[in-house]
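Chain naming here is simple, since letters A, B, ... match the order of the sequence lines and numbering starts at 1 in each. Computation of the quantities below employed the complete heavy-atom set of this structure, encompassing side-chain atoms and omitting hydrogens, waters and symmetry-equivalent molecules.
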There are 2 protein chains.
Amino acid sequence: MTPNEKITTNGLRLTAPRKKILAVFSHQAHPISFEEYASLDTTMDKSTFYRNMQTFEAANIIQGIESDEGKRYFELSDTIHPHFVCQQCHNITCLDETPIPKLNGYHVNSITYKGQCPQCSDL
Amino acid sequence: MTPNEKITTNGLRLTAPRKKILAVFSHQAHPISFEEYASLDTTMDKSTFYRNMQTFEAANIIQGIESDEGKRYFELSDTIHPHFVCQQCHNITCLDETPIPKLNGYHVNSITYKGQCPQCSDL
DNA sequence: ATTCTAATGCAACTCAGTTGCAATTAACCT
DNA sequence: AGGTTAATTGCAACTGAGTTGCATTAGAAT
Ligand SMILES: [Mn+2]
Ligand SMILES: [Mn+2]
Ligand SMILES: [Zn+2]
Ligand SMILES: [Zn+2]
């Protein structure tokens, strides 16, 4: 599905900010915060960004992840996979190959591991 | 290990606020936020609470969990187990029986599942 | 082209968590 | 037991990620 289709099939209007947001996210290999997004698209308004994050999360286009620093990180939700948040260097790693365990009775949307990444463990 | 021992074996001073904090947490079956803590101990100062959460996390006495609402929840870290954060009712469930999967190369401290809990799935 | 309503952009706001600092006090030493 | 000192507390002021109100803009439908 193209970025434009993702927007329109959800009954959302195809606006310039939305197209830009999905274009920027499609080039990311990791979840990014608004701060990082803003460095890649210096004209994006904060409110427009956050409102669209909510809209896109509801439409299952974007997925949000809470870091350990009280910030939210976002990525496209095409490929669903666990994430690892390092409590030392604060990097977020996509665990693309790791399966998401099932939980009886629960509907699991995502998993987040926290701890020390390989780099930070090897000290 | 008694609450007092947890404090003193880490080279921390045995103060009234610290004893109260561990006493309150020892009666909780789920992680709680400062807001909830404050309703159980109305005289606790916010700064004292948060500073001790940091101290206790560093000493592995308390574990913090990020909810999906931009708040942190805390619980004693005696029994380490995964948590489920419901994105609909925002309850946090302790998955006491669920094992924590290993991740090669990573040191995993905790796991958080997000999705819909059984109550919210059954609608 | 006109109309209608969703979405934007800006400024003001919220509120969980942090920080600076003077006052207190637990732990240590004699 | 009393005196010293550095950790901790309590309060008020601050920070900053995210939200909200509202006037303006611009998709989409007819
Ligand atoms: Mn990812
Ligand atoms: Mn728990
Ligand atoms: Zn790391
Ligand atoms: Zn629920």
Classify the side-chain pair B/T8/B/N10 by whether it contains a donor and acceptor separated by less than 3.5 Å. no
How are the rings of A/Y106 and B/F84 set to each other: parallel, tilted or perpendicular (split at 30° and 60°)? tilted
Classify the ring geometry between B/F49 and B/F34 as parallel (under 30°), tilted (30 to 60°) or perpendicular (over 60°). tilted
Is the shortest side-chain N/O distance from A/T15 to OP1 or OP2 of D/dG27 below 4.0 Å? no
Between B/Q28 and B/V24 (side chain of the first, backbone of the second, donor and acceptor by atom type, cut-off under 3.5 Å), is there such a pair? yes
Looking at residues 26-39 of chain B, who's got a heavy atom less than 4.0 Å off DNA chain C? none
For B/Y73 and for A/A16, locate the closest nucleotide of DNA chain C by heavy-atom distance; then report the residue assigned to the nucleotide nearer the 5' terminus. A/A16
Atom-to-atom span, CG of B/L22 to P of D/dT8 - whole angstrom: 14 Å
Output all residues satisfying salt bridge (Lys or Arg N to Asp or Glu O under 4.0 Å) with B/E66, sequence neighbours left out; order by chain, then residue number. A/K114, B/R72
Does the side chain of A/D96 come under 3.5 Å of the side chain of A/T98 through a donor N or O and an acceptor N or O? no
Protein-nucleotide distance (A/K19, atom NZ; D/dA28, atom C1'), rounded to Å: 13 Å
Interatomic distance, B/L14 CG vs C/dA27 C1' [rounded to whole Å]: 11 Å
State, yes or no, whether a side-chain contact exists between A/P101 and B/P101 at a heavy-atom distance under 4.5 Å. yes
Atom pair distance, as rounded to whole Å: CZ in B/R18 and C1' in D/dT8: 6 Å
Just compare C/dT25, C/dG17, D/dA17 and give me whichever is closest to any side-chain atom of B/R13. C/dT25
Rounded to the nearest Å, what distance is computed from the CD1 atom of residue A/I21 to the P atom of nucleotide C/dA7? 12 Å
Between B/T55 and B/I61, does a side-chain contact (heavy atoms from CB on, under 4.5 Å) hold up when you go through it step by step? CA-CA 9 Å; B/T55 304; B/I61 295 170; over 6 Å; no
Less than 3.5 Å apart, any donor N or O on the side chain of A/E75 or A/H81 sitting next to an acceptor on the other? yes
May I ask you to list the residues of residues 42-70 of chain A, by number, that have any heavy atom positioned under 4.0 Å from an atom of DNA chain C? A/D45, A/S47, A/T48, A/R51, A/N52
